[in-house]
Amino acid sequence: MAILITGAAGFIGAHVVAALRNSGCDIVATDILPRSDAVRLSNFLDEGLCYVPGDLFEILPGVMDGVHQVWHFAANADIPLGAHNTSIDVRESILLTHRLLESMRHSHVRSLIFPSTSGVYGRNSGLARAEHVGPFLPASLHAAGKLAAEGLISAYCSTFGLQGCIFRLGNVVGGMMGRGIIYDFICKLSKNPEQLPVMGNGRQRKSFVLVDDAIEGMRQIGENSRNDGPYCDIFNIAAGGSVSVVDVAGIVSRAMGLRTPELAIEGTSIAWPGDQPVIELDIGKALASGWAPRYSATEAVRVAANRMVADLGISVAPQ
């Protein structure tokens, strides 16, 4: 029996493919990207990974044959885009998740791992948020789509006997990223190492987690949560605490062998429509399950910055 990974050519999806293949799992990987563009999976494709390219709306339920579990990572990854294309998160999170759940139901596939987002909590005072603490008032259409998908998963588990583990992830970072604050800072400093433009007011704080820790958390908790009946539960996954934009700038600069640059701070209250200036997650429930992150939030940023500098082939300046 195989594990289906949707969105497998994306940043987190490709890391899931690597982690599960290294543990001996049979995998069916899908993504909208054609095989030639799935560069994050190139090594695995050369080794014979079963990869089915195409729009998931069209290739479901055909890819369900021989599958016993789904890791559903297919979604819009460009959060600010939702403010300009207001239908993309409706399609890629809500409608696509419904299509997947229907395919699982008719194919008798019961187990689902679903990555949601800390964005479902919306803007708040900065207090660490636990899974049961509302209200849930998303500030972005991306987060709204994820929250709606959570509701669908819960209802399908209750109504049709599925088993779902939903993970509200902090800012997942690591190598092979093509967007995000660390990637943006590296690109900007590559052009001008003396001055770094910063969106927002510079006081934003984010809850980071290294992709390795996030995947191990989802896997370990998902395995421990299996039972014989309908099941749905939600866990925050992060490293605990948060890291400020200013500190991220310093970590990225050091990874590139640069002095901390002058920060050209924009000064607006939020960096972009839908941004959450402060994100901190209470991970007590995940810790109680037996999982714990190996890296702190600051260490996650440092490791991710070093990996991205290496991935981009940037020569580290002598210090």
Side-chain angles (χ1 to χ4, degrees), residues 10-12 39-40 76-85 117-119 123-126 139-143 169-211 214 238-281 295-319:
F11 160 57
I12 304 180
V39 293
R40 294 184 178 97
N76 166 41
D78 188 348
I79 300 175
L81 178 61
H84 304 284
N85 179 354
T117 172
S118 58
R123 297 178 186 139
N124 56 68
S125 63
S140 69
L141 294 181
H142 175 268
L169 304 177
N171 283 35
V172 182
V173 294
M176 302 192 295
M177 295 189 73
R179 57 170 48 91
I181 186 173
I182 301 173
Y183 177 83
D184 289 345
F185 280 179
I186 290 174
C187 292
K188 290 175 179 178
L189 288 171
S190 295
K191 296 177 180 177
N192 182 0
E194 303 297 327
Q195 187 179 74
L196 179 61
V198 175
M199 295 187 296
N201 58 20
R203 296 192 296 274
Q204 306 100 304
R205 300 187 63 86
K206 307 294 182 179
S207 180
F208 293 95
V209 60
L210 193 66
V211 63
S242 59
V243 184
S244 72
V245 167
V246 172
D247 287 340
V248 172
I251 293 169
V252 171
S253 300
R254 288 190 291 276
M256 298 176 70
L258 303 172
R259 299 190 190 91
T260 300
E262 174 190 354
L263 302 183
I265 296 175
E266 195 175 68
T268 54
S269 59
I270 60 173
W272 39 266
D275 184 31
Q276 294 170 265
V278 179
I279 302 174
E280 291 201 4
L281 296 177
Y295 298 89
S296 69
T298 299
E299 291 167 342
V301 174
R302 176 182 54 77
V303 172
N306 288 333
R307 289 180 183 177
M308 275 188 265
V309 166
D311 288 342
L312 294 170
I314 295 173
S315 298
V316 177
Q319 300 191 49

By side-chain contact (heavy atoms from CB on, under 4.5 Å) - contacts of Leu141 (at least two apart): Thr86, Asp89
Value rounded to 0.5 Å, distance of CG in Leu169 from CD1 in Ile12: 6.0 Å
Which pairs of donor and acceptor atoms, one on a side chain in residues 256-265, lie under 3.5 Å apart (sequence neighbours left out)?
none

Distance-only donor-acceptor pairs under 3.5 Å for side chains of residues 200-211, two or more places apart:
{"residue": "Asn201", "atom": "OD1", "partner": "Arg203", "partner atom": "N", "Å": "2.8"}
{"residue": "Gln204", "atom": "OE1", "partner": "Gly202", "partner atom": "N", "Å": "2.9"}
{"residue": "Gln204", "atom": "NE2", "partner": "Met199", "partner atom": "O", "Å": "2.9"}
{"residue": "Arg205", "atom": "NE", "partner": "Ser242", "partner atom": "OG", "Å": "2.9"}
{"residue": "Arg205", "atom": "NH2", "partner": "Ser242", "partner atom": "O", "Å": "2.9"}
{"residue": "Arg205", "atom": "NH2", "partner": "Ser242", "partner atom": "OG", "Å": "3.4"}
{"residue": "Lys206", "atom": "NZ", "partner": "Asp275", "partner atom": "OD1", "Å": "2.8"}
{"residue": "Lys206", "atom": "NZ", "partner": "Gln276", "partner atom": "O", "Å": "2.2"}

Without placing hydrogens or testing angles, list every side-chain donor-acceptor pair under 3.5 Å for residues 177-198, not counting sequence neighbours.
{"residue": "Lys188", "atom": "NZ", "partner": "Pro197", "partner atom": "O", "Å": "3.3"}
{"residue": "Ser190", "atom": "OG", "partner": "Ile186", "partner atom": "O", "Å": "2.8"}
{"residue": "Asn192", "atom": "OD1", "partner": "Glu194", "partner atom": "N", "Å": "3.0"}

Reported CZ-to-CD1 distance for the pair Arg123 and Ile279, which is rounded to 0.5 angstrom: 10.5 Å
Atom pair CD1/OG1 of Ile79 and Thr117 - distance to nearest 0.5 Å: 6.0 Å
Partner residues of Phe11 under the ring pair (Phe, Tyr, Trp, His ring centres under 6.0 Å) criterion, sequence neighbours left out: His15
Please tabulate, one pair per line, all N/O donor-acceptor pairs under 3.5 Å involving side-chain atoms of residues 295-310, not counting sequence neighbours.
{"residue": "Ser296", "atom": "OG", "partner": "Glu299", "partner atom": "N", "Å": "3.1"}
{"residue": "Ser296", "atom": "OG", "partner": "Glu299", "partner atom": "OE1", "Å": "3.4"}
{"residue": "Glu299", "atom": "OE1", "partner": "Ser296", "partner atom": "N", "Å": "2.8"}
{"residue": "Asn306", "atom": "ND2", "partner": "Arg302", "partner atom": "O", "Å": "3.3"}
{"residue": "Arg307", "atom": "NH1", "partner": "Asp212", "partner atom": "OD1", "Å": "2.9"}
{"residue": "Arg307", "atom": "NH2", "partner": "Asp212", "partner atom": "OD2", "Å": "3.3"}

